[in-house]
Visitor: 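Dumping the structure here so I can ask a few things about it.
All figures in this text were calculated on a predicted structure; none of them were measured in a lab. To find a chain, count down the sequence lines: A is the first, B the second, and so on, and within it residues start at 1. Just so you know, these numbers use all the heavy atoms, side chains as well, and skip hydrogens, waters and symmetry mates.
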Amino acid sequence: ITGHVFPPSAGMSVGAPRGLASSGQKLITEILHPLSAAEEPLSPGQDEPGLTNGTPVEISSAASASVLLSRLQLDCEPEANAHVTFGSGEPRDLFVTVDDPKKHVSTMETYITYRVSTKTTRIEFDLPEYSVRRRYQDFDWLRIKLEDSQPTHLVPPLPEKFVMKGVVDRFSEEFVDTRMKALDKFLKRVADHPVLSFNPHLNAFLTAKDLNKRQGLALLTKVGESVKNVAGGYKLRARPAEFSAMGEYLDTFSQKLGTIDRISQRILREQSEYLTELREYGAVYSTWAASEEQLQRPLEGVAGCVTTSCGALEDLSDNMSQDFLPVLREYVLYIESMKRVLRKRDQVQAEYEGRLEAAVLRKQEDRTPIPVEVEKCQDKVECFNADLKADWERWQRNKRQDFKQLLTGMADKNINYYEKSQAAWESLITLLQEKQTEDKTSETN
Amino acid sequence: RMAEDVKEESVASNDESDRAASDGSLSNTMLTEGSCLLRRMEICVAEAEKRSGKNAVSMQETYTVYLVETRPMDAIAEGRNPPPDSLWRRYSEFELLRNYLIVTYPYIVVPPLPEKRAEFVWHKLSADNMDPDFVERRRIGLENFLLRVASHPVLSNNEMLYQFLTKEHGWKEMVYETGFQTKADSRLRALSATFRVRNYNSFSLLQRVADRLYAVYKVHGNYGRVFSEWSAIEKEMGDGLQSAGHHMDAYAASVDDILEEEEHYADQLKEYLSYAEALRAVCRKHELSQFELEMASQDLISKKQQREELATGIVHTFSLKGMTNKLFGQEAPEQREAKLNLLEELIAEGEETVKEKTAECDEHAEKAWADIVRFKDQKDKDLKEAFINYALMQISMCKKGIQVWSNAKECFLKM
């Protein structure tokens, strides 16, 4: 594999899918084809209550592996490829969904799994549909694998891994639901990415009955180290302006999102206090109604309207905390991911510059030609820059869509709240005005 | 039919709408009364002014005076537009008039005055009697008071009321000269003071609700600022964000108008709370009369019993007198004679008293009942209107909210 950015061992893991197959013990060539007699075909409708060491299926025959590799080689081809197949609105051939959370209780631990459903027409997948169950750990595994095997690309963020026990209920419906939505978004973003979506780790994640992570973890530590070794010790001279601008943008954007988060939380607090008082206020009308005759129905009407408004306000607040804030926070994580990629890019460039400088000096001294490795470094830098630019553009486009959706959603929820409240008060007016004409006619009679 | 005629005539500072006028005057719901002062005279409290002067203990003080304007109804009906007669009155003079009416008509539910002190202020740092909003609300309350009194079938005929409206100087002295204060029942006044304190809690709830609503709206203003800052680093999204930010500012600002209207509603509720207190006073007064009647009756009964015992020598009830009589012998016949005669006089007086008190009780019960019924009808009508207006206000608030968020949504869609 030439001209690639991958550190050697990562390249190895890509070329040896065997490490990702379910059982891990068999050779690739020994893994049965899913359509052979002994296998039971999978369907998305099947829900296994637990993770079973089921029949090993899917994953690449040797033929598939080479297709994957050649696909990966296209990495450094200019943006053209990426744009053409994965611009917004292009036909997609890989669809993923995360849903159906279930609690698992074992002697060791309790945890939640989610159903991951896949529909695809890609030849890298042996079946058109898959359905597996995964837990958060598995998603984290995937993210780490992706980051390490594709360091030039921006990997979408995952929701927070650790939550303070006692402060947040990890098994509450709200928490699980929020997390599930974030996991779904993560997976969809990966599936939409022109490069990441072809990563064999993703393939394994989506298809394997049982992810064997131990091998993966071992590889992980190796990979991590090698990245550090390669890039350590070089100082960057001149960062191209466009990447500096990206960095500055990310810093400011992150700051603004933080501010919006704080404002939203404040609004939630105020709304909650308002709700408390409003409920008490409504109750006063009910109590008052009990001691009145003519005014009983109007008073109960007012109490009813206040109650309806309370319910609508509660819905609004719930939506803010469950849909709005999590997405906001996820973007902050996304920004951190992007910054990490920018830093890696800087490191790669620094390494190249350092080596080049050293090589030039040596050449001046003893006419040693500039080694090939230095040219390879230059390639690395150029590839990285190209990948990053392409990803940046995509990221900006997606960001715009995501925020458009998020903010219009917020506006819609507020509109709903007022609409519900207005409807309640309008029906009260009708009631009261009917009563008025009733009273008037009874007076004149 | 009389009700229709009265309705035709407009009163100053009203509009022609069917609901209560926006400044809070209740004239439309009140003009269905029969013959009353309001038919002959147009009344309003037009203005308020600050004055300074020396008070009773020669200390400099600042106070507010209110301009009471009156115009004869017949002149208006004839199409002439005479300038109003007017005089200035302080709050304390209104108070004096009301106390006078309460004492003079103990069985009438006398309309309430607005708050004496600015106790319930919305979003102001201090409860200031000089605050222009408070003064304005008070002006409205004082006008409502006069309109209610002047349209009451009984109260409107009162001479002191007429003088209050027409005679600027010397009115206070006139009122004191009636000696009404001697009739005032101190117990009743003490009771009304505790009533006020108890109901503060209900209104602090209303205020808390308003405060919370205020906070929710105002915090949204922060979105305006941050969207503006964010738009500076965006290319395509910038304009949309910036405009949306302006709408968030507008949203935050809209709460001030909303709260002003809610404050007005709160005033109406408070007015009826005070009014209900006046009703309670009438009931208590009636209870007091009944109590006095019972006492008089008991007294009469016991005197009659004493007479019987003296006359027959038979003691039916245990009494020290009876025992000592048994032990130490009865008195001389002349003494007994004198006692009997005295008793007869007292009994005769007692019977008169009981007759008077009974008649008084019955008459007042009848009057009070009539006025209570009138008051209840008035209250039901007024409060229903108030609730309708409150609902309209809520609807308006919802519509504004929908408008602002729809505008913001448009901006977001253009991002």
Visitor: What residue, out of B/Val209, B/Leu241, B/Leu383, has the most heavy-atom pairs lying under 4.5 Å from chain A?
Guide: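 Between B/Val209, B/Leu241, B/Leu383, the count favours B/Val209.
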Visitor: Out of curiosity, A/Leu257 CG to A/Arg262 CZ, how far, rounded to the nearest 0.5 Å?
Guide: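 CZ of A/Arg262 is found 11.0 Å from CG of A/Leu257.
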Visitor: Can you tell if the side chain of B/Gln378 reaches within under 4.5 Å of the side chain of B/Arg374, non-hydrogen atoms only?
Guide: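 Result yes, sub-4.5 Å side-chain heavy-atom pair found.
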Visitor: Verify the neighbour count for atom CG of B/Asp239: are there more than 12 heavy atoms of other residues, nucleotides or ligands below 6.0 Å?
Guide: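 No, not enclosed.
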Visitor: Are side-chain N/O atoms of A/Gln322 and A/Thr178 paired as donor and acceptor at under 3.5 Å?
Guide: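 A/Thr178 and A/Gln322 do not have a side-chain donor-acceptor pair below 3.5 Å.
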Visitor: Would you mind checking which part of B/Lys376 comes under 4.5 Å of any heavy atom in chain A, side chain (CB onward), backbone (N, CA, C, O), both or neither?
Guide: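 It is neither, since no heavy atom gets under 4.5 Å.
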Visitor: Looking at A/Lys413, A/Lys420, A/Arg279, which hits salt bridge (Lys or Arg N to Asp or Glu O under 4.0 Å) with A/Glu314?
Guide: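 For A/Glu314, the salt bridge (Lys or Arg N to Asp or Glu O under 4.0 Å) check succeeds only for A/Arg279.
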Visitor: What residue in B/Arg225, B/Glu234, B/Glu229, B/Lys414 has the most heavy-atom pairs under 4.5 Å with chain A?
Guide: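 Result: the option with the highest number of such pairs is B/Glu234.
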Visitor: Using non-hydrogen atoms only, which part of A/Leu428 is less than 4.5 Å away from chain B: side chain, backbone, both, or neither?
Guide: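 The answer is the side chain of A/Leu428.
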Visitor: With chain A, which of B/Ser406, B/Ala408, B/Ala232, B/Ser396 has the greatest number of heavy-atom pairs at distances under 4.5 Å?
Guide: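 Max contact count across the listed options: B/Ser406.
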Visitor: If you count heavy-atom pairs under 4.5 Å with chain A, which of B/Met397, B/Lys379, B/Lys400 comes out on top?
Guide: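 Ranked by heavy-atom pairs under 4.5 Å with chain A, first place is B/Lys379.
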Visitor: For chain B, which candidate among A/Arg266, A/Arg400, A/Lys399, A/Glu270 shows the most heavy-atom pairs at distances under 4.5 Å?
Guide: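 Heavy-atom pairs under 4.5 Å are most numerous for A/Arg400.
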Visitor: Which answer fits A/Phe253, side chain, backbone, both or neither, if we ask what part of it has an atom under 4.5 Å from a heavy atom of chain B?
Guide: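 A/Phe253 touches chain B through backbone and side-chain heavy atoms alike.
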Visitor: I'd like to verify something: which residue of B/Val216, B/Asn222, B/Asp377 has the highest number of heavy-atom pairs under 4.5 Å with chain A?
Guide: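 Most pairs with chain A among the choices: B/Val216.
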Visitor: Evaluate whether atom CD of A/Gln265 has more than 12 neighbouring non-hydrogen atoms of other residues, nucleotides or ligands under 6.0 angstrom away.
Guide: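 Enclosed.
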Visitor: Any salt bridge linking A/Arg345 with A/Asp387? Criterion: basic side-chain nitrogen under 4.0 Å from a carboxylate oxygen.
Guide: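 Result for this pair is no, no salt bridge flagged.
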Visitor: Which region of A/Gln405, side chain (C-beta onward) or backbone (N, CA, C, O), has a non-hydrogen atom less than 4.5 Å from a non-hydrogen atom of chain B, or is it both or neither?
Guide: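 For A/Gln405, neither part sits under 4.5 Å from chain B.
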Visitor: Can you tell me how far apart CH2 (B/Trp230) and OG1 (A/Thr252) are? Round to the nearest 0.5 Å.
Guide: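 The distance works out to 12.5 Å.
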Visitor: Counting only non-hydrogen atoms closer than 4.5 Å, does A/Ser309 touch chain B with its backbone (N, CA, C, O), its side chain (CB onward), both, or neither?
Guide: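 Contact with chain B is absent: no heavy atom of A/Ser309 under 4.5 Å.
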Visitor: Using a 4.5 angstrom heavy-atom cutoff, name the option from A/Gly301, A/Cys305, A/Ser264, A/Ala424 with the most pairs to chain B.
Guide: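 Highest number of heavy-atom pairs under 4.5 Å: A/Ser264.
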Visitor: Both conditions, 6.0 Å and 45 degrees, for the charged tip of A/Lys185 above the ring of A/Tyr334: are they met here?
Guide: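 No cation-pi geometry.
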Visitor: What option among B/Glu410, B/Gln403, B/Lys399 has the most heavy-atom pairs under 4.5 Å with chain A?
Guide: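 Ranked by heavy-atom pairs under 4.5 Å with chain A, first place is B/Lys399.
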